[in-house]
Amino acid sequence: MTAIIPKISIKNLHKSFGNKKVLDGVNLDIMAGDSVVIIGGSGSGKSVLLKCILGLVTPDSGSIMIDGQEMIGASLLIRQKMLTKIGMLFQGSALFDSLKVWENVAFTLLLRDKKSKNDAKEQAIRNLEMVGLGVQIADLSPAELSGGMQKRVALARAIASKPDIIFFDEPTTGLDPIMSDVINNLIIKVVQKIGATALSITHDLISARKIANRIVMLYQGKLIWSGKTQEIDQSGNMYVEQFIHGRAEGPIQMPIRILS
Amino acid sequence: MIQRFFQIIGQAFIKALESVGDLVLFCSKAITSCFYPPFYPRLLIRQILEIGFYSLPVVGLTAIFTGMVLALQSYTGFARQGFEAAIPSVVVVSITRELGPVLAGLMVAGRVGAAIAAEIGTMRVTEQIDALVTLSTNPIKYLVVPRIMAGFIALPLLVLVADIIGVLGGYIVSVYKLDFNSISYVTNTLNFLVTIDVISGLVKAAFFGLIITLMGCYYGYYSKGGAQGVGSATTKAVVASSILILTFNYFLTEAFFSI
Ligand SMILES: Nc1ncnc2c1ncn2[C@@H]1O[C@H](COP(=O)(O)OP(=O)(O)O)[C@@H](O)[C@H]1O
Ligand SMILES: [Mg+2]
């Protein structure tokens, strides 16, 4: 029997902050070339899960394997090597405001790959073109761009080093529907173009349906549902039903006081 | 009741020890990182300009007025006993030993310590530090090391300038206001200018440079909770570095001049 090693394999992952349990035994396998989307309410721990995989947050217990290599407790060298294979789009873009737009996109090319300034800039401009941005913004500072443009620059930065795995943390949140669709299309395009495995987080169902081939739902620290994108409308799961129809009534209860 | 009282004291004590431990760990990690590659020389140069060069106006103004007021006040005190001749020596010794390094340190703590804490704190709360990690860059090496090295290098240079300007301030007041003889003031100053005084001041300055930048980086690096968190990190960085400067100043003085 030849077992196929998942690109990312998460087993029984736990994480608490103080006495607040955020992840309570998460299990998830992602195969190479998959595009998985995690849905779930705000504050359900989606970003924490991504940060655990990236090693930005240390989990309390559990296992995270990337390409069959255990990441938890791994040496700095192994983790750094793993990080070179990963690109990440942060929820708030997280562009370096002390650097120009092109220097942001070319960050690893300049610092890690030691490319010459001209080469790096040329490649940065090509990456910016891939996300539909022109040369004229290359020398601006990130603060001079709109939110949607910052997202696209951050996307260009995330794909600049041609990663194997890309994480998108709420790529469309806070954008208008048209810009959201632009970003969705870009994600699909770049993921196909560089042949990456993608793991995205969103609570935007339109976006999830568009970019995912598999959707999982995180609720109270556990993955309570997992299935193909087209199955989500017949999930038969009360929580998923409530979430995708955006109803206040259902098994998911918001702790709010009813005004009388 | 009594139990509760001890519990509160104990918790506060443990918390204080923990944060001291965090601080010591951070500082030792930052300082050891200075000796291992990768190095970022361009960032270092930028920080030396930021910390040293752009602090020149503030430090220069502080030094000149301190030298001037020092001459004026010593005159008031010494003229009564006919000791006016001691003024050049009082000015040069106090400036090079104490006032140059301490006042420059405190001014730079306000200007640079606050700016470092605010910048790194903002990078923390906007996830730019996390982004650095995902772009396979060690934030300690990229952000912290250039700043502390720049502080260590720039502060002695600043203090050297402050010494010269401070003594000049004393000269200006003595010669143009108190009618001292210019030549004898200068000879007197040079007679009392002792190498160890200047060097002790510069060593102090290097320590203060480390303290200021380390505090700025530490409070910025661990700030959380948005704009308010960055604000309180800035305050803490300035307060902590000012207190540490005054404390270390005493012990360094004792170490230098106890013999
Ligand atoms: N560094 C942290 N320290 C303490 N609590 C945290 C930290 N990061 C996240 N949390 C908490 O974990 C929970 C999940 O956060 P997050 O993963 O950001 O939610 P989301 O699913 O909206 O991305 C939140 O309640 C948040 O308060
Ligand atoms: Mg989030």
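Side chains are part of it too, since the values below use all heavy atoms of this structure and drop only hydrogens, waters and symmetry mates. Each chain gets a letter, A, B and so on, in the order the sequences are listed, and its residues count up from 1. Because the structure is predicted, anything quoted here is derived from the model rather than measured.
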Residues Lys51(A), Glu127(B); criterion side chain to side chain contact (heavy atoms under 4.5 Å, CB included); working and verdict: CA-CA 11 Å; Lys51(A) 287 183 181 172; Glu127(B) 300 185 314; 2.7 Å; yes
So with a 6.0 Å cut-off around CD of Gln228(B), is the heavy-atom count from everything else above 12? no
Greater than 12 external heavy atoms within 6.0 Å of Leu77(A)'s CG: no
Applying the side-chain hydrogen bond (donor to acceptor under 3.5 Å, both in side chains) test to Ser136(B), which of Lys85(A), Arg112(A), Lys81(A) qualifies? Arg112(A)
Rounded to the nearest 0.5 Å, the CG atom of Leu89(A) sits from the OG1 atom of Thr134(B) at a distance of 10.0 Å
Do other residues, nucleotides or ligands put more than 12 heavy atoms under 6.0 Å from the CZ atom of Phe65(B)? no
Against chain B, residues from residues 153-176 of chain A with at least one heavy atom under 4.5 Å, in numeric order, are Arg157(A)
Check each atom of Leu83(A) against the heavy atoms of chain B and say whether the ones under 4.5 Å are side chain, backbone, both or neither. both
Take atom CD of Gln7(B) as the centre, draw a 6.0 Å sphere, and report whether it contains more than 12 heavy atoms from other residues, nucleotides or ligands. yes
Would one find more than 12 heavy atoms of other residues, nucleotides or ligands at under 6.0 Å from atom OH of Tyr221(B)? yes
Mind ranking Asp97(A), Leu76(A), Thr84(A) by heavy-atom pairs under 4.5 Å with chain B and telling me who comes out on top? Asp97(A)
Best-contacting candidate, Leu135(B), Thr126(B), Val133(B), against chain A by heavy atom pairs under 4.5 angstrom: Leu135(B)
Rounded distance [0.5 Å steps], CG in Asp130(B) versus CD in Gln91(A): 12.0 Å
Kindly indicate whether the side chain of Gln128(B), heavy atoms from C-beta on, has any atom under 4.5 Å from the side chain of Phe90(A). no
Taking side chain as everything from C-beta outward and backbone as N, CA, C, O, which of these in Leu132(B) sits under 4.5 Å from a heavy atom of chain A? Side chain, backbone, both or neither. both
Gap between atom CD1 of Ile129(B) and atom CZ of Phe96(A) - 0.5 Å precision: 9.5 Å
In terms of heavy-atom contacts, Ala94(A) and Ala131(B) come closest through O-CB, 3.8 Å
With a 4.5 angstrom heavy-atom cut-off, could you sort out which part of Arg46(B) is near chain A: side chain, backbone, both or neither? side chain
In chain order, what residues pass the ring pair (Phe, Tyr, Trp, His ring centres under 6.0 Å) check against Tyr142(B), with sequence neighbours excluded? Phe107(A), Tyr40(B)
